[in-house]
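Structure first, commentary second.
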2 protein chains.
Amino acid sequence: MTNKKVYLEIVKQLREMISADNLKSGDKIPSERELSERLNVGRSSVREALRALELLGLIETRRGEGTFIRDFRGNQLVQLLGTFILQDEKAKLDVIETKNIIEMDFLRLVLNKVDKNKLSILKDLVEDDQLNDDQFFYQLIEMADNYLFSRIWLILKDYYNSLNLSKVEYNRNSYFLLLEALIEKDEQKTLDAYRQLRNLSILTDKY
Amino acid sequence: MTNKKVYLEIVKQLREMISADNLKSGDKIPSERELSERLNVGRSSVREALRALELLGLIETRRGEGTFIRDFRGNQLVQLLGTFILQDEKAKLDVIETKNIIEMDFLRLVLNKVDKNKLSILKDLVEDDQLNDDQFFYQLIEMADNYLFSRIWLILKDYYNSLNLSKVEYNRNSYFLLLEALIEKDEQKTLDAYRQLRNLSILTDKY
DNA sequence: GAAATAGGTGTGGTCTGACCACTGTAAACG
DNA sequence: CGTTTACAGTGGTCAGACCACACCTATTTC
């Protein structure tokens with residue numbers, strides 16, 4: 001029964017190894033040759049496993065040095081998938097809609113954790129034209145303090161920007177209104193300000 | 001300049017090849033040996049690329065037959081990542097919070113496109129205990145008609161399930177309340193019903 | 001003639017050995 | 001003591017070999 005693929009078994013072994021030795025990001029894992037010997041498999045099989053994990057962004061290899069565990073949290077794999085998937089028109093509309101929804105979500109999150117100081121600083125930045133739209137929302141999303149959520153937004157942002165939509169010129173005033181609404185902790189007003197910012201009306205009636 | 005890794009180049013080539021030939025899921029891609037020859041690289045490098053894509057779930061290989069493009073939609077990569085990544089507690093909380101937020105989002109989406117027939121059918125299914133929680137929400141999310149959003153939820157669901165949280169026993173009644181609220185197009189009532197279903201209260205005050 | 005069989009071909013799966021490019025370090029040198 | 005050099009270890013790549021398996025086809029068998 002040579003049923004199971006060796007490289008998958010190696011992936012599994014590696015996972016256990018990492019867990020057992022409590023390895024963290026930055027730590028070195030055994031060399032390909034050593035793994036090959038220890039696990040009684042060919043080096044090519046080890047490499048297949050490592051390359052797969054590398055593409056997933058779980059490890060990092062440096063020639064002449066070795067293979068290291070990576071900080072998983074920036075899983076770029078979704079972007080990889082994105083370039084494979086996003087194609088038809090409906091998908092584009094979905095991106096736009098989803099991005100808007102997510103942005104409203106973290107506006108609500110921010111409402112719960114309003115930090116007037118940070119918002120004030122942000123206001124100054126807008127005043128000095130220091131930020132573009134992405135950067136503005138990135139500042140906000142950081143306040144929401146949810147890493148996973150940030151990731152989703154970052155990916156959506158990339159998707160969105162890759163759509164090459166005609167850029168709408170926003171006026172600074174819209175951002176001010178939004179920030180003020182946040183400071184006032186007024187959800188309705190905040191979301192209204194957002195809709196105005198994005199020129200939303202019909203489709204997103206409830207949003 | 002042997003800078004770029006060959007296997008990454010192969011991944012890229014494959015992507016272009018798939019795009020150019022308009023290959024869809026189920027289609028066969030050239031054999032390892034043929035790719036090796038056509039791209040002037042060693043077969044082992046081709047294999048490294050293919051194994052990586054396989055682990056990502058983008059292709060499927062069948063010994064004796066060949067390598068085929070897979071239906072991307074079934075993202076099993078999440079499980080892999082899940083077991084690798086989700087470690088610290090904050091990350092887990094983020095997953096939970098995010099999943100809840102997303103679910104509320106598509107409840108709102110559904111509110112805009114209420115289809116009483118479908119909701120009625122869903123009600124019957126719940127009545128007959130045909131669905132578990134995931135399936136219930138999957139039915140709802142389909143009504144929201146946003147593929148990208150569905151994908152995000154599916155991923156979150158997988159993450160969530162890989163957390164191995166103690167299962168809360170939901171009672172059917174909560175689902176009924178939720179469905180009724182949807183049918184009535186009452187946003188407040190819908191979200192309240194959802195919170196009750198998930199036993200949310202404090203943290204998600206605004207939600 | 002139809003069905004069962006055997007063989008051939010093509011495919012992925014794995015291993016081995018070889019060589020290259022690069023890094024870090026210890027030994028040799030000045 | 002500082003600099004240079006040589007070497008060992010590591011990842012990167014390739015070529016060739018063999019195995020296991022799936023499929024098709026020609027042959028045999030009934």
- If you count the non-hydrogen atoms of other residues, nucleotides and ligands that lie under 6.0 Å from CD in A:Glu37, is the total more than 12? no

- Task: Hey, could you give me the CD1/CZ distance between B:Ile102 and B:Phe137, rounded to the nearest 0.5 Å?
- Result: 13.0 Å

- Item | Atom-pair distance (CZ on A:Arg62; P on D:dG11), nearest Å | 11 Å

- Of residues 32-50 of chain B, the positions that come close to DNA chain C - non-hydrogen atoms, cut-off under 4.0 Å: B:Glu32, B:Arg33, B:Arg43, B:Arg47

- Message: Dot-bracket, 5' to 3', for DNA chain D please: Watson-Crick or G-U pairs under 3.5 Å, [ ] where pairs cross earlier ones, | where the partner sits on another strand, dots elsewhere.
- Response: ||||||||||||||||||||||||||||||

- Atom CZ of B:Arg63 and atom P of C:dG12 are separated, to the nearest Å, by 12 Å

- Report the residue (B:Arg51 or A:Gly64) whose heavy-atom-nearest nucleotide on DNA chain C is the more 5′ of the two. B:Arg51

- Would you call B:Glu103 and B:Lys99 a salt bridge, using N to O less than 4.0 angstrom? yes

- For A:Tyr7 and C:dG12, give me the distance from atom OH to atom C1', rounded to whole Å. 12 Å

- Task: Please report, rounded to the nearest Å, how far the C1' atom of C:dG24 is from the CZ atom of A:Phe68.
- Result: 11 Å

- Item | Length of the line joining B:Glu65:CD and C:dT11:C1', which is rounded to integer Å | 9 Å

- Gap between atoms CD and C1', on A:Glu60 and D:dG12 respectively (whole Å): 16 Å

- Is the closest basic N to carboxylate O distance between A:Glu65 and A:Arg63 below 4.0 Å? no

- Item | Value rounded to 0.5 Å, distance of CG in B:Leu50 from OG1 in B:Thr61 | 8.0 Å

- Apply the side-chain hydrogen bond (donor to acceptor under 3.5 Å, both in side chains) test between B:Tyr7 and each candidate in A:Glu48, A:Glu54, A:Arg51; give the one that qualifies. A:Glu54

- Could you grab the distance from atom CG of A:Asp105 to atom CD of B:Glu97, nearest 0.5 Å is fine? 10.0 Å

- Message: Quick check for you: to the nearest 0.5 Å, what is the distance between B:Ile59 atom CD1 and B:Asp27 atom CG?
- Response: 13.5 Å

- note: A:Leu55, atom CG; D:dG12, atom P; distance rounded to Å ~ 13 Å

- Side-chain contact check for B:Lys28: nearest option of C:dT23, C:dT11, C:dC22 is C:dT11

- Item | Whole-Å distance separating the CG atom of A:Leu53 from the P atom of D:dG11 | 14 Å

- Message: Can you see if the side chain of B:Thr67 gets near the phosphate of C:dT11 - specifically, an N or O under 4.0 Å from OP1 or OP2?
- Response: no

Name the atoms and distances for all side-chain donor-acceptor pairs under 3.5 Å in residues 118-125 of chain A, with sequence neighbours left out.
none

